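Computed from a predicted structure; not experimentally measured. Basis for what follows: all heavy atoms, side chains included, without hydrogens, waters or symmetry-related copies. Residue numbers run from 1 in the order of the sequence given.
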Amino acid sequence: MGDVVQVAAPWVLLAAVLLGVAALGVTALDGALAARAAGRPASVGAQHPLVETARLLRQRRRTTVAADTLLRHVAVGGFAVAPLLMVAVVPLGEWVLADASVGVVWFNAVDVLVWVLVWLAGWGPNAAWSLTGGYRFLAQAMAYELPLMFSLTAPALAAGSLRVGDVAAAQSGAAGAGLPYVVWMPVAFVVYCTGVLAFSVRGPLSPAGGPATSGGVLAELSGVDRLLVLAGRAGLLVAGAAFAVPLFLGGGSGPLLPGWLWVLVKTALLAAALVVVRRKLPDVRPDRFLALGWSVLLPAALLQLLLVSVVVVVRS
């Protein structure tokens, strides 16, 4: 079993701070890339998150007629909490907030919870563009969720455990030949990263909040509500990158640096790579992504899972 220690509840505050700093970092990087693409200095774009935060904290909350205020608040609060629930099962070196025996399933369950949050964010304001954004997200959700689920299953099957610490430990031991799973599960890794871009509602897979629907679920959000949802999207991207570290990138294994620092470095590098990739790819319409998800991603994930199953049977 993976040798990790479950820490006391107050350490949740430190995890929340680290997650917030990382979310701010990926947002600053995204702003810098956007500024360079527009011919402006990257430093100006990197400051955009702080400027936008100050603006939204001063902005009054927009209200719509016959809005479902309770559901809107649930969605806004959920976006702030979901990333922290995801990283709760990610070992930071030898420490983890929740050493769950079904940590892989837990992550997948929180990922599905994002469906609910996006839908409630679209339904709550009782407005056309918000509702359209929610429907567009649900239209493509299953097309990324099933491939994502099978991509999560592959490392768990290879490690023989749903415990995240065990999956990370299996990649550094003799059973894993010292190789990160990304080396012999590249298809599962790519499918997983596609799922991360999708459930973080960013980049080419962001029909719920894209310009095609005038902002979609973000159209009627303002002030602190909008700030929390935007921060939650960045947090989901970081949480997805962090979970990939024990699943595919060997966890805290690495030379010279301590394990907890390797986890942070790998998370930062993968999150930055996802930000760069999302800016390079064009937006994908939900109907086209449905065809891609069902015809390409799902068969590819299943073939990868079949290969892993064969390897596990041969080894045993």
Side-chain angles (χ1 to χ4, degrees), residues 16 18-31 33-34 49 52 75-88 90 107-122 133-134 136-145 147-149 151-152 189-211 213 215-218 221 226-245 247-248 267-284 286 289 293 297:
L18 288 175
L19 187 61
V21 171
L24 180 62
V26 298
T27 308
L29 174 61
D30 190 44
L33 294 175
E52 184 69 1
V76 170
F79 266 100
V81 174
L84 188 57
L85 294 178
M86 286 181 170
V87 300
V90 176
F107 178 87
N108 196 210
V110 179
D111 155 41
V112 174
L113 176 64
V114 175
W115 294 24
V116 180
L117 299 178
V118 175
W119 168 249
L120 292 182
R136 284 169 67 88
F137 182 82
L138 291 183
Q140 76 170 27
M142 188 60 75
Y144 83 78
E145 185 59 42
L148 173 62
M149 181 183 69
S151 71
L152 292 173
F189 178 70
V190 171
V191 172
Y192 172 82
C193 290
T194 303
V196 172
L197 289 175
F199 70 63
S200 60
V201 200
R202 300 176 70 86
L205 305 178
S206 59
T213 54
V217 296
L218 301 174
L221 291 176
R226 187 180 183 91
L227 176 61
L228 288 176
V229 172
L230 293 177
R233 291 199 315 171
L236 287 170
L237 183 73
V238 173
F243 196 74
V245 173
L247 239 66
F248 294 101
T267 299
L269 292 176
L270 180 56
L274 291 175
V275 171
V276 173
V277 167
R278 68 167 285 269
R279 296 209 64 88
K280 297 292 185 180
L281 298 176
D283 290 351
V284 181
F289 182 72
L297 295 182

Heavy-atom distance under 4.5 Å between the side chains of [X] and [Y], does that happen here?
X	Y	result
Leu218	Leu230	yes
Leu228	Phe79	no
Phe107	Val90	no

Give the minimum heavy-atom separation between [X] and [Y], together with the two atoms involved.
X	Y	answer
Thr267	Val238	CG2-O, 4.0 Å
Val26	Ala234	CG2-CB, 4.0 Å
Leu270	Ala244	CD2-CB, 3.5 Å
Ala239	Pro83	CB-O, 3.7 Å
Ala121	Ala75	N-CB, 3.5 Å
Ala231	Ala23	O-CB, 4.3 Å

Any chance you could measure [X], atom [atom1], to [Y], atom [atom2], to the nearest 0.5 Å?
X	Y	atom1	atom2	value
Leu29	Leu24	CG	CG	11.5 Å
Leu33	Arg278	CG	CZ	9.0 Å
Trp115	Met142	CH2	CE	3.5 Å
Tyr144	Phe289	OH	CZ	8.5 Å
Glu145	Met149	CD	CE	7.5 Å
Leu197	Leu237	CG	CG	6.5 Å

Task: Listed partners of Asp111 passing side-chain hydrogen bond (donor to acceptor under 3.5 Å, both in side chains), at least two apart - done: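 With neighbours one apart ignored, the set is Asn108.
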Task: Phe248: ring pair (Phe, Tyr, Trp, His ring centres under 6.0 Å) partners, not counting sequence neighbours - done: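 Ring pair (Phe, Tyr, Trp, His ring centres under 6.0 Å) list for Phe248, sorted by chain: Phe189, Tyr192.
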